[in-house]
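Worksheet: one structure, shown below.
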Amino acid sequence: MKEQEQKKHRSGRRLFKGLLFLAACGLIMAIVVYTPIFTLKRVEVSGTTYLTQEQICEIGRIHMGEPLFQLQTDAVAQNLMHDLRIESAVVRRRLPDRLEIEVTERKPVATVACDYGYLDLDHNGKIISAYRALHSVPIPLITGVEVTGLYLGDDVTDENINKVLYFLDQIDVEALNQISEVNMANPDAVVAYTNSSVQIRLGKLERLDEKAQLTADFVKSLKTSRHAIEYVDFSYEAPFIKLKGFDPNAEDKNKEKS
């Protein structure tokens with residue numbers, strides 16, 4: 001009997017010590033969670049071009065002064081990615097009072113006409129903006145084609161449009177801003193136009209990586225070109241440049257006359 005009582009007594013002490021330990025852990029956790037040292041005071045955002053830090057905090061439902069350890073980083077990331085303008089987001093806590101957010105925006109690559117206005121598309125063909133009247137934006141307008149029945153968040157499935165988007169996405173921003181239009185009325189004779197109305201004849205939608213590099217180099221060279229260029233033709237293996245007012249056959253004709 002005495003041994004049983006001693007066992008019960010020891011078990012009771014162990015239980016008491018266990019409860020005391022859990023209470024101490026809970027107290028420590030409460031101190032850590034709610035102490036002013038570990039409250040959110042700074043948010044650092046990287047990777048954004050179009051969205052501001054204030055917009056990121058609003059979209060992510062982030063509130064300054066909330067306990068850092070109560071802030072669910074996965075939930076913040078999901079909130080951000082529910083916005084069509086954001087492709088991906090990584091959120092990290094940084095002790096004692098900072099939140100780091102790395103964002104990849106859905107950047108508009110081109111605009112295309114639709115049955116009720118115009119749509120801005122990202123490189124994957126996702127519609128990230130829709131509006132009725134065309135406004136001035138530094139991205140190319142895809143002409144010669146119209147999409148119908150699509151709205152915000154939908155994806156364009158037209159193969160040729162997606163090829164043009166791929167082509168444009170391979171061009172750096174500096175060069176892309178110099179392209180005003182891509183006409184694909186004839187998919188076998190696609191033509192791009194610069195802001196100064198110089199034609200870039202792309203031909204068929206093939207060898208797109210090569211043509212994108214040639215296009216980027218060409219539009220950058222226009223700034224320093226001493227000649228007025230009518231068009232450049234990248235549809236063949238060997239690019240050809242036609243100068244305004246220059247007839248490549250004129251010299252041969254003069255030779256024949258002489």
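What you see is a predicted model; the values in this text were computed from it and never measured.
Between the CG atom in Leu176 and the CD atom in Gln170 there is a gap of 11.0 Å [rounded to 0.5 Å]. To the nearest 0.5 Å, atom NZ of residue Lys211 and atom CG of residue Asp209 are 11.5 Å apart.
Ring pair Tyr231/Phe240 is tilted by interplanar angle, where 30° to 60° counts as tilted.
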Scan the side chains in residues 146-157 for donor-acceptor partners under 3.5 Å anywhere in the protein, sequence neighbours excluded, and list what turns up.
unit_1	atom_1	unit_2	atom_2	d
Asp154	OD2	Tyr151	N	2.8
Asp155	OD1	Lys126	NZ	3.2

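For the pair Arg93 and Glu100, the salt-bridge criterion is not met [side-chain N within less than 4.0 Å of a carboxylate O]. A salt bridge does not link Asp233 to Lys242: none of the charged nitrogens lies less than 4.0 Å from a carboxylate oxygen. Using a 4.0 Å cut-off between charged side-chain N and carboxylate O, Asp83 and Arg106 make no salt bridge.
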Before you tell me yes or no, could you show the steps for Ile139 and Ile179 under side chain to side chain contact (heavy atoms under 4.5 Å, CB included), namely the whole-Å CA-CA distance, both residues' side-chain angles and the distance that decides it to 0.1 Å? CA-CA 7 Å; Ile139 55 175; Ile179 300 174; over 6 Å; no
Could you give me the CA-CA distance, side-chain angles and deciding distance for Arg92 and Glu102, then say whether side chain to side chain contact (heavy atoms under 4.5 Å, CB included) is met? CA-CA 9 Å; Arg92 306 182 186 90; Glu102 185 179 340; 3.8 Å; yes
Between Ile142 and Thr111, is the side chain to side chain contact (heavy atoms under 4.5 Å, CB included) condition met? List the steps. CA-CA 6 Å; Ile142 297 177; Thr111 300; over 6 Å; no
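The 12-atom threshold is exceeded at CZ of Arg98, counting heavy atoms of other residues, nucleotides or ligands nearer than 6.0 Å. The environment of NZ in Lys204 is sparse: at most 12 heavy-atom neighbours from other residues, nucleotides or ligands sit within 6.0 Å. Within a 6.0 Å sphere centred on CD of Glu210, other residues, nucleotides and ligands contribute more than 12 heavy atoms.
Within the 4.5 Å cutoff, side-chain heavy atoms of Leu71 are placed close to those of Val76. Side-chain contact check for Arg85 versus Leu51: some heavy-atom pair is nearer than 4.5 Å.
In this structure Glu181 satisfies the side chain to side chain donor-acceptor pair (under 3.5 Å) test together with Thr143, sequence neighbours excluded.
The only option from Thr194, Leu214, Val191 that meets the side chain to side chain contact (heavy atoms under 4.5 Å, CB included) definition with Ile200 turns out to be Thr194.
Side-chain polar atoms of Gln213 and Asp217 form a donor-acceptor pair below 3.5 angstrom.
Val173 and Ile128 end up in different hydrophobic clusters when Ile, Leu, Val, Met, Phe, Trp and Tyr side chains are linked at under 4.5 Å.
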